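What follows is one structure encoded as structure tokens, with my remarks underneath.
What you see is a predicted model; the values in this text were computed from it and never measured. Lettering of chains follows the sequences in order, A, B, ..., and the numbering in each one begins at 1.
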There are 2 protein chains.
Amino acid sequence: MHAALQHEPLTRSGEDYLKAIYRLSPAGRTASTSEIAHRLELSPASVSGMVKRLSEQGLLEHVPYKGVQLTADGRRAALRMLRRHRLIEAYLVAFLGYTWDTVHEEAERLEHAVSDKLVERMAAVLGNPAVDPHGDPIPTPEGDIHEPASIPLSEVPAGARVEIRRVEEGQPERLRYIASVGLRPGVHIRVLDRQPFQGPITIEVAGRTHVIGNELGQVVRCASEQE
Amino acid sequence: MHAALQHEPLTRSGEDYLKAIYRLSPAGRTASTSEIAHRLELSPASVSGMVKRLSEQGLLEHVPYKGVQLTADGRRAALRMLRRHRLIEAYLVAFLGYTWDTVHEEAERLEHAVSDKLVERMAAVLGNPAVDPHGDPIPTPEGDIHEPASIPLSEVPAGARVEIRRVEEGQPERLRYIASVGLRPGVHIRVLDRQPFQGPITIEVAGRTHVIGNELGQVVRCASEQE
DNA sequence: ACTCGGAGTTAGGATTGCCTAAACGTGGGG
DNA sequence: CCCCACGTTTAGGCAATCCTAACTCCGAGT
């Protein structure tokens, strides 16, 4: 007998769990209860409970004391939420004056409320974009996604010229700072200098030089190796 | 310093109750448990429970066995939801290809998820409209609203020429039919004939004549008395 | 004025989803 | 090889919100 006859509709919480688990288990890795708990800011015990319910719905594979993986259905549901989230972000930035560093929270609420119809209308007026304002790829309605290759800015050697590809999510003030420096997907920069041992990085953006901490360099990702 | 120091944030359910009660108690009328239950498709017992909780939060005045009224705070909260709902409808129709007869359901979900910031951005790009696609007035952010005078089409005498002002909410197929006839806010029509005793109404819309049932005539409201 | 019948409320139960505290499993270090 | 620490799960609670069933109130009609 195979997985899903019919899922009862996911709750808002369930959707958040699946998204979190998707993010935590790239390439078939297995996610642990406490990782999920940490990401969602819940207690591990709560996660155990919800994992059980989602497993019963055929969305997760759970090996007690070992870890959790998405089933095909679970992955589909997670990618559906990712598509919604990223299209909503793109829409808000394109049409309603949001900036890429402030749009996350709004999308986080809306993604649970929009209909498929609305999502696809937004996609249409946007021209079916491939990436969101952070540079993250937008899954197709069928659940296909491909992550463009990129490396953290913190691994780019001094002297290289690279294009910013993505800015990963993080604390709002951190994102605000990155935005204020002018780092955003599509921008070309040069790495002027770097201190050893995860020290600060000196970069040139639009003719100006900035020194940024290594942690920021790990959040900003660039076109992998160029020139 | 006025009424409310702090309400704990309303839940989605609470917001729906306040909206329903607002709609049921025009001009200080009092709403009954069963009216609310009927409107929200819940059991009267459930309404009793929630009414108690909302009263404790200072949003309702409840006289047991008698009825319910909104407090100033409750009214403010209800009008806030109404503003959201109607602006969302207006936005979806103006920018995302929705039609006035299909937009309600989407707005019903989104109104609980959007931030004030997003609502005001939508209002701004719409040019701060006074009415939504159904012709219903949009409350201001401060909670002011004024209902433009209108009378049901079913009370317009034969021979009169009137402008459609509002189409009240109703079952989707009913709305769809009204839309298909071309009745919508702003349109001018003529009442050609009417049968007595709440019988059908014959109207001319954009050069074509239609016969509509009296129930539909009660849902469509017109500029009050013209010519 | 009394009495029913219907409207309204209370009681008790289910579900979801969160928590803390206690019990339990697993694997690495002694 | 055993045992303990840490991570995981279970147990037991709580709050919100719904339900059905049983009880209570009110007022309309005789």
Side-chain angles (χ1 to χ4, degrees), chain A residues 6-22 24-25 29-70 74 77-78 81 108-109 111-113, chain B residues 6-21 23-25 29-70 74 77-78 81 108-109 111-113:
Chain A
Q6 211 67 277
H7 303 298
E8 53 240 69
L10 273 170
T11 62
R12 198 207 139 108
S13 270
E15 291 173 340
D16 284 337
Y17 275 83
L18 294 182
K19 265 200 320 176
I21 293 165
Y22 177 83
L24 287 169
S25 43
R29 236 189 99 265
T30 155
S32 76
T33 302
S34 49
E35 284 169 334
I36 302 168
H38 186 256
R39 199 179 182 75
L40 296 176
E41 303 190 78
L42 299 173
S43 74
S46 302
V47 173
S48 270
M50 180 61 95
V51 159
K52 196 153 136 208
R53 263 167 271 149
L54 292 172
S55 299
E56 281 160 7
Q57 288 177 57
L59 297 164
L60 295 180
E61 209 69 65
H62 181 212
V63 183
Y65 293 101
K66 286 305 169 58
V68 173
Q69 266 185 276
L70 294 171
M81 295 314 291
E108 199 67 26
R109 272 175 288 105
E111 65 186 3
H112 302 290
Chain B
Q6 217 68 274
H7 301 299
E8 53 241 68
L10 272 170
T11 62
R12 199 208 138 107
S13 271
E15 291 173 341
D16 284 338
Y17 275 82
L18 294 182
K19 265 201 318 176
I21 293 165
R23 300 304 219 72
L24 288 169
S25 43
R29 235 188 100 266
T30 154
S32 77
T33 302
S34 51
E35 284 171 332
I36 301 168
H38 185 256
R39 197 176 183 75
L40 296 175
E41 302 190 80
L42 298 173
S43 73
S46 302
V47 173
S48 269
M50 180 60 96
V51 159
K52 195 152 137 209
R53 263 168 272 147
L54 293 172
S55 299
E56 281 160 8
Q57 287 178 57
L59 297 164
L60 295 182
E61 209 68 64
H62 180 211
V63 183
Y65 293 101
K66 284 307 169 59
V68 173
Q69 265 185 277
L70 294 171
M81 295 314 291
E108 200 66 26
R109 272 176 289 103
E111 65 186 5
H112 303 289

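Atoms CG (A/Asp16) and P (C/dT16) sit 17 Å apart, rounded to a whole Å. Rounded to whole Å, atom C1' of C/dC18 lies 9 Å from atom CZ of A/Arg53. For the pair A/Leu18 CG and C/dG17 P, the interatomic distance rounds to 12 Å; values are reported in whole Å. Regarding A/Leu42, its CG atom lies at a distance of 14 Å from the C1' atom of C/dT20, rounded to whole Å.
Using a 4.5 Å heavy-atom cutoff, the side chains of A/Leu70 and A/Leu59 are not in contact.
Under the salt bridge (Lys or Arg N to Asp or Glu O under 4.0 Å) criterion, B/Glu108 pairs with B/Lys19, not counting sequence neighbours. Partners of A/Glu15 under the side-chain hydrogen bond (donor to acceptor under 3.5 Å, both in side chains) rule, at least two apart in sequence or in another chain, are A/His112. Partners of A/Thr11 by side-chain hydrogen bond (donor to acceptor under 3.5 Å, both in side chains), not counting sequence neighbours: none found. A search for salt bridge (Lys or Arg N to Asp or Glu O under 4.0 Å) contacts involving A/Glu35 returns A/Arg29, not counting sequence neighbours. For B/Gln69, the side-chain hydrogen bond (donor to acceptor under 3.5 Å, both in side chains) criterion is met by no residue, not counting sequence neighbours. Looking at residues two or more places apart in sequence or on another chain, you find no side-chain hydrogen bond (donor to acceptor under 3.5 Å, both in side chains) involving B/His62.
Residue contacts for B/Ser13: at a heavy-atom cut-off of 4.0 Å it reaches the sugar-phosphate backbone alone, with no base atom in range.
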Fill in: Footprint string (nucleotides 1-12 of chain C, 5' to 3'): B base within contact, S backbone only, - free, heavy atoms under 4.0 Å
-------SBB--
Please tabulate, for side-chain N and O atoms in residues 37-54 of chain A, each donor-acceptor pair with protein atoms closer than 3.5 Å (sequence neighbours left out).
| from | atom 1 | to | atom 2 | distance (Å) |
| --- | --- | --- | --- | --- |
| A/Ser43 | OG | A/Ser46 | N | 3.2 |
| A/Ser43 | OG | A/Ser46 | OG | 2.9 |

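Once you apply a 4.0 Å limit to the heavy atoms of chain B, the touched nucleotides of DNA chain D run 5' to 3' over D/dA16 to D/dG27.
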